[in-house]
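The structure under discussion appears below in the form of structure tokens.
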Amino acid sequence: MDITGFINNGEQTPDLDTLVDPAPAEALRLINLRKSTHVLLIYGDMVASYEGRAKSQLEDLMPRLVISKPDGTFMVHESNKEKPRLWNPPPSNLYASVNLGVLTLRSVRVSPREVVVVDIPVIRFVGAVRLGVTSNYRVFGTEEDLVNAITNNPSIVEDGLQVIAREYHTIVGDIDILGRDPRGNLVVIECKRSQAGPEAVNQLKRYVEHLSQKEGKNVRGILVAPSISSAAYHYLRHYGLEFRRVEPKSLA
């Protein structure tokens with residue numbers, strides 16, 4: 001029977017096909033029909049293994065969820081953790097077969113060669129859903145957003161501050177923003193999107209010391225972040241550096 005005319009206790013639209021407690025042959029037909037256009041959700045009692053740069057196995061037969069995407073993404077999920085237990089990244093190819101009543105899924109990545117094999121003797125549910133892809137996706141509140149905001153409006157850090165350069169290259173690293181204050185002092189600004197720790201302070205210190213030696217004059221250093229740890233603040237004060245509290249998300 002053509003799967004497009006088949007419904008087994010489920011729903012069917014051009015963007016959604018579902019099978020509940022399907023026979024292996026029925027699940028196989030749906031998987032092969034939709035694997036290149038839909039996201040597949042396959043739930044059942046299964047075991048799985050991975051072989052590639054390492055080896056791992058999920059030997060206990062138990063309920064798990066397989067998610068397969070048209071781009072080749074293949075994941076085996078359990079009831080905890082945000083990341084799958086086993087997975088293959090795109091581009092990978094999905095091969096499905098039935099042998100002695102067991103549905104077998106093989107996700108194969110060619111280079112480097114990685115193979116995930118899933119055997120599903122008990123199939124509880126198979127779903128095929130068509131999802132969209134966001135073309136202009138971006139994350140707000142990044143360090144780049146913070147640098148952009150300060151470059152466009154230096155008063156976020158200090159009134160009268162002028163931006164001379166961004167991503168200013170030095171032999172000790174690239175300075176996020178190099179500026180000049182109203183008194184003519186050079187100002188090194190290091191931006192962090194989350195709480196600043198001691199390493200951020202040491203990074204700022206290296207930039208300030210390098211420019212001070214290179215220019216032969218006093219250079220100020222300002223660490224910009226939404227918060228700073230107590231240890232980092234102690235080092236900051238000890239080195240004569242400054243801190244400005246700025247929340248990146250509020251600037252997006």
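Position 1 is the first residue of the sequence, and the numbers go up from there.
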Please tell me whether [X] and [Y] are part of a single hydrophobic cluster in this structure, the criterion being side-chain heavy atoms less than 4.5 Å apart.
X    : Y    : result
W87  : V115 : no
V117 : L58  : no
L41  : V122 : no
I156 : V224 : yes
I67  : V129 : yes

Notebook entry, point to check: Is any side-chain N of the basic residue among R244 and E158 closer than 4.0 Å to the acidic one's carboxylate O?
Noted result: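 Judged by the 4.0 Å cut-off on N to carboxylate O distance, R244 and E158 do form a salt bridge.
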
Margin query: Under a 4.0 Å threshold between the charged nitrogen and the carboxylate oxygen, would R180 count as salt-bridged to E215?
Written below: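 R180 and E215: not salt-bridged.
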
Next item on the list: Could you please spell out the steps behind the side-chain contact (heavy atoms from CB on, under 4.5 Å) verdict for V108 and S92?
Entry: CA-CA 5 Å; V108 179; S92 300; over 6 Å; no

Next item on the list: Give the intermediate values and the outcome of side-chain contact (heavy atoms from CB on, under 4.5 Å) for residues H238 and K205.
Entry: CA-CA 11 Å; H238 178 72; K205 176 175 175 285; over 6 Å; no

Check: Tracing side-chain links under 4.5 Å among I, L, V, M, F, W and Y, which residues wind up in one group with L186?
Finding: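 Members other than L186 - counting any ILVMFWY side chain reachable under 4.5 Å - are I164, Y168, I171, V172, I175, L178, V188, V201, L204, Y207, V208, L211, V219, L223, I228, Y233, Y235, L236, Y239, L241, F243.
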
Less than 4.5 Å apart, side chain to side chain, heavy atoms only: is that true for [X] and [Y]?
X    : Y    : result
P84  : V76  : no
Y95  : N93  : yes
P24  : I123 : yes
L19  : D17  : no
V39  : P70  : yes
S227 : R245 : yes
E247 : R193 : no
I120 : T104 : no

Atom pair [atom1]/[atom2] of [X] and [Y] - distance to nearest 0.5 Å:
X    : Y    : atom1 : atom2 : value
N152 : I150 : CG    : CD1   : 10.5 Å
N32  : L40  : CG    : CG    : 9.5 Å
R106 : D119 : CZ    : CG    : 10.5 Å
N88  : L94  : CG    : CG    : 10.5 Å
R34  : L16  : CZ    : CG    : 9.5 Å
K69  : L131 : NZ    : CG    : 7.5 Å

Show the nearest heavy-atom pair for residues [X] and [Y], with the distance to one decimal.
X    : Y    : answer
V126 : A27  : CG2-CB, 3.9 Å
I31  : A96  : CG2-CB, 4.0 Å
T170 : G173 : OG1-O, 2.6 Å
R109 : P91  : CG-O, 3.7 Å
T73  : P90  : OG1-CD, 3.3 Å
L61  : P121 : CD1-CG, 3.7 Å

Notebook entry, point to check: Sub-3.5 Å donor-acceptor pair from the side chain of S229 to the main-chain atoms of A232, do we have one?
Noted result: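 Side chain of S229 to backbone of A232: a pair is present.
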
Note to self: For R237, is the CZ atom crowded, meaning more than 12 foreign heavy atoms sit under 6.0 Å from it?
What the structure shows: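 It does not: R237 CZ has 12 such atoms or fewer within range.
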
Next item on the list: Please assess D181 against R183 for the test salt bridge (charged side-chain N to carboxylate O under 4.0 Å, His left out), listing each intermediate value before the final yes or no.
Entry: CA-CA 5 Å; D181 69 17; R183 297 182 298 278; 3.4 Å; yes

Notebook entry, point to check: Side chains of R166 and N148: do they bring a donor and an acceptor to under 3.5 Å?
Noted result: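 A pair is found: one side chain offers a donor N or O, the other an acceptor, under 3.5 Å apart.
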
Notebook entry, point to check: Would L30 and L28 satisfy side-chain contact (heavy atoms from CB on, under 4.5 Å), going step by step from the backbone distance to the final call?
Noted result: CA-CA 6 Å; L30 178 56; L28 179 64; over 6 Å; no

Next item on the list: Using the side-chain contact (heavy atoms from CB on, under 4.5 Å) rule, take D174 and D176 through it: C-alpha gap first, then chi angles, then the decisive distance, then the call.
Entry: CA-CA 6 Å; D174 292 342; D176 287 338; over 6 Å; no

Return all side-chain donor-acceptor pairs below 3.5 angstrom for residues 42-52, not counting sequence neighbours, or 'none' if the list is empty.
{"from": "D45", "atom 1": "OD2", "to": "R124", "atom 2": "NH2", "distance (Å)": "3.1"}
{"from": "Y50", "atom 1": "OH", "to": "R53", "atom 2": "N", "distance (Å)": "3.2"}
{"from": "Y50", "atom 1": "OH", "to": "E114", "atom 2": "OE2", "distance (Å)": "2.4"}

Item checked: Which residues share a side-chain hydrogen bond (donor to acceptor under 3.5 Å, both in side chains) with E78, sequence neighbours left out ->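 R64, R85.
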
